[in-house]
Amino acid sequence: MENLMTAKIINGKEIAAQVRAELKSEIQELKEKTGVTPGLTVVLVGENPASLVYVRNKIKACEEVGINSVQHKLPETTTHEELLGLIRQLNASKEVHGILVQLPLPKQINEEEILEEISPSKDVDGFHPYNVGRLMIGNPVLQPCTPYGVMRLLESTGVDLSGKDAVVVGRSNIVGKPMAMMLLKRNATVTVCHSKTKDLIERVKKADILVAAIGRAEFIKGEWVKEGAVVIDVGMNRTMEGKLVGDVDFEGASMRASFITPVPGGVGPMTIAMLLKNTVVAASRAK
Ligand code: NAP
Ligand code: L37
């Protein structure tokens with residue numbers, strides 16, 4: 001008889017609220033001591049429906065904690081030069097401590113070049129090669145929000161990562177790769193899987209810590225999850241019925257994992273909370 005366990009649910013919504021509460025008092029203190037109010041500018045190009053929701057949530061969260069937020073909504077037809085011009089203007093503004101360009105960008109815009117133009121000290125997404133490099137050498141300043149939030153969720157479980165087998169499925173620059181670096185820094189033994197991985201199921205089955213960042217609804221089956229594993233589901237997929245589901249079969253995985261994140265209410269709210277944190281870090285370091 002298999003010993004089926006029921007996973008504890010990692011409540012991202014609640015932990016994100018805790019992070020925001022901590023930030024709120026940090027921001028008050030910063031204002032009192034230095035007169036500086038952290039400022040975040042979010043740039044949205046076009047009308048990607050998911051991006052519209054996320055950006056709205058980000059602006060709302062800024063208000064709640066006392067960050068000044070400005071939104072630039074540019075048309076789908078914005079040229080590369082126009083967007084570069086806006087970034088240069090924001091780089092030069094003393095009120096702007098954080099600049100976030102919401103991805104994806106329309107195809108006429110060279111994403112890599114745009115991300116490189118953002119001043120590394122204002123790069124609250126942590127996507128500039130400078131900040132990517134800092135993370136790589138293990139001395140990060142501004143860290144990508146989603147994996148940074150995942151680390152906070154892992155901390156909340158009390159599970160010691162040192163020596164554990166961590167498997168990250170997905171190798172994007174915004175989630176999978178930085179996730180691997182952060183887990184490595186915590187002394188996990190990290191495997192990064194992707195669409196060319198030969199023996200994905202065998203590798204997933206060995207994971208003490210499993211992070212799924214694939215973008216395919218319920219791709220990871222419950223039977224692949226090791227007994228007692230910690231499962232973090234970064235995926236955000238909308239089903240044909242309009243339901244939001246992760247990359248992991250939540251029901252099945254819950255019967256084997258020790259801890260698991262739900263979708264929604266897991267990683268998503270943490271992504272936003274860590275953006276606020278990065279903005280406060282950037283504002284505190286601003287000269
Ligand atoms: P992405 O850039 O599309 O990357 C997906 C990764 O998954 C790629 O590395 C890809 O491999 C891999 N992959 C695709 N199919 C696979 C398969 N059959 N087997 C193994 N690996 C496979 O996506 P992303 O930006 O990292 O996002 C991943 C998911 O997380 C999406 O659902 C996204 O919406 C969600 N997300 C959530 C948050 C949040 O805050 N909750 C934030 C960001 C993203 P290749 O490299 O070989 O193509
Ligand atoms: N920092 N994040 C940053 N920069 C970008 O350029 N694209 C992108 C990015 N991704 C992003 O914003 N992701 C994201 C994903 C989910 C949420 C927020 C941000 C989120 O709030 N998720 C909620 C549900 C939202 C919904 O109902 O659709 C959740 O509970 O998971």
Side-chain angles (χ1 to χ4, degrees), residues 16 18-45 51 54-72 83-103 105 111-152 173-175 178-179 181-182 185 269-287:
Q18 268 170 33
V19 172
R20 290 198 301 273
E22 287 163 23
L23 290 173
K24 197 169 175 170
S25 53
E26 260 180 66
I27 291 164
Q28 262 161 8
E29 203 176 310
L30 184 72
K31 282 182 189 168
E32 281 160 23
K33 284 197 178 142
T34 66
V36 172
T37 300
L40 174 69
T41 294
V42 180
V43 180
L44 177 61
V45 186
S51 290
Y54 303 156
V55 166
R56 195 181 325 123
N57 290 347
K58 288 172 185 184
I59 299 288
K60 206 173 79 195
C62 282
E63 274 164 29
E64 187 197 326
V65 300
I67 293 174
N68 284 336
S69 65
V70 176
Q71 198 184 157
H72 286 263
L83 185 54
L84 269 188
L86 174 60
I87 305 280
R88 288 184 183 134
Q89 216 177 300
L90 296 171
N91 281 343
S93 163
K94 273 190 83 73
E95 285 77 46
V96 179
H97 303 107
I99 302 169
L100 184 150
V101 177
Q102 184 73 21
L103 306 178
L105 291 168
E111 177 178 307
E112 208 173 314
E113 233 178 76
I114 295 295
L115 295 179
E116 270 198 57
E117 193 64 28
I118 297 172
S119 164
S121 59
K122 299 189 178 189
D123 169 37
V124 286
D125 254 345
F127 294 164
H128 189 285
Y130 174 85
N131 286 311
V132 176
R134 298 277 311 219
L135 176 62
M136 185 92 181
I137 62 176
N139 187 13
V141 184
L142 295 170
Q143 308 185 55
C145 304
T146 299
Y148 194 15
V150 170
M151 293 312 289
R152 186 77 182 232
N173 290 331
I174 82 169
V175 188
M179 185 78 257
M181 286 303 138
M182 290 179 202
K185 187 173 163 102
M270 292 304 291
T271 295
I272 297 182
M274 301 325 267
L275 168 67
L276 306 176
K277 181 165 178 69
N278 278 343
T279 304
V280 175
V281 169
S284 313
R285 294 166 61 95
K287 289 182 274 301

Which pair of heavy atoms, one from [X] and one from [Y], lies closest together, and at what distance?
{"X": "Pro269", "Y": "Ala16", "result": "O-CB, 3.6 Å"}
{"X": "Phe127", "Y": "Leu103", "result": "CE1-CD1, 3.9 Å"}
{"X": "Asn91", "Y": "Lys122", "result": "O-NZ, 2.9 Å"}
{"X": "Ile59", "Y": "Ser69", "result": "CG2-OG, 3.6 Å"}
{"X": "Leu90", "Y": "Val96", "result": "O-CB, 3.9 Å"}
{"X": "Gln143", "Y": "Tyr148", "result": "NE2-CE1, 3.7 Å"}

Close side-chain approach of Ile174 and Pro178, heavy atoms under 4.5 Å: no
Val45 side chain reached by Leu83 side chain, heavy atoms, under 4.5 Å: yes
Stepwise side-chain contact (heavy atoms from CB on, under 4.5 Å) check, Leu86 with Val43: CA-CA 9 Å; Leu86 174 60; Val43 180; 4.0 Å; yes
Donor-acceptor contact present, side-chain His128 to main-chain Pro120, <3.5 Å: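 Here the side-chain-to-backbone pair does not exist.
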Short side-chain to backbone donor-acceptor contact, Asp125 and Cys145, under 3.5 Å: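 Answer holds: no.
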Gln71 side chain to Lys58 side chain, donor-acceptor N/O pair below 3.5 angstrom: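 Judged by distance alone, the side chains do not pair up.
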Side-chain donor-acceptor contact under 3.5 Å, Tyr130 with Arg134: yes
Lys24/Glu64 salt bridge by N-O under 4.0 Å criterion: no
Reported [atom1]-to-[atom2] distance for the pair [X] and [Y], which is rounded to 0.5 angstrom:
{"X": "Asp123", "Y": "Asn131", "atom1": "CG", "atom2": "CG", "answer": "4.5 Å"}
{"X": "Met151", "Y": "Met274", "atom1": "CE", "atom2": "CE", "answer": "10.5 Å"}
{"X": "Glu111", "Y": "Asn173", "atom1": "CD", "atom2": "CG", "answer": "8.5 Å"}
{"X": "Asn57", "Y": "Ile272", "atom1": "CG", "atom2": "CD1", "answer": "4.5 Å"}
{"X": "His97", "Y": "Ile67", "atom1": "NE2", "atom2": "CD1", "answer": "10.5 Å"}
{"X": "Glu113", "Y": "Ile87", "atom1": "CD", "atom2": "CD1", "answer": "11.5 Å"}

More than 12 heavy atoms from other groups under 6.0 Å of NZ on Lys60: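 Open: at most 12 neighbouring heavy atoms sit under 6.0 Å from NZ of Lys60.
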side-chain contact (heavy atoms from CB on, under 4.5 Å) between Asn68 and Cys62, intermediate numbers included: CA-CA 7 Å; Asn68 284 336; Cys62 282; over 6 Å; no
Residues Met270, Val150; criterion side-chain contact (heavy atoms from CB on, under 4.5 Å); working and verdict: CA-CA 7 Å; Met270 292 304 291; Val150 170; over 6 Å; no
Stepwise salt bridge (Lys or Arg N to Asp or Glu O under 4.0 Å) test for Glu22 and Arg152: CA-CA 13 Å; Glu22 287 163 23; Arg152 186 77 182 232; 3.0 Å; yes
Listed pairs under 3.5 Å, donor-acceptor, residues 33-42 side chains, sequence neighbours left out:
| unit_1 | atom_1 | unit_2 | atom_2 | d |
| --- | --- | --- | --- | --- |
| Lys33 | NZ | Glu29 | OE2 | 3.1 |
| Thr34 | OG1 | Leu30 | O | 2.7 |
| Thr34 | OG1 | Val36 | N | 3.2 |

side-chain contact (heavy atoms from CB on, under 4.5 Å) involving Lys185 - partner list, sequence neighbours excluded: Pro140
Worked check of side-chain contact (heavy atoms from CB on, under 4.5 Å) between Val124 and Ile99: CA-CA 6 Å; Val124 286; Ile99 302 169; 5.8 Å; no
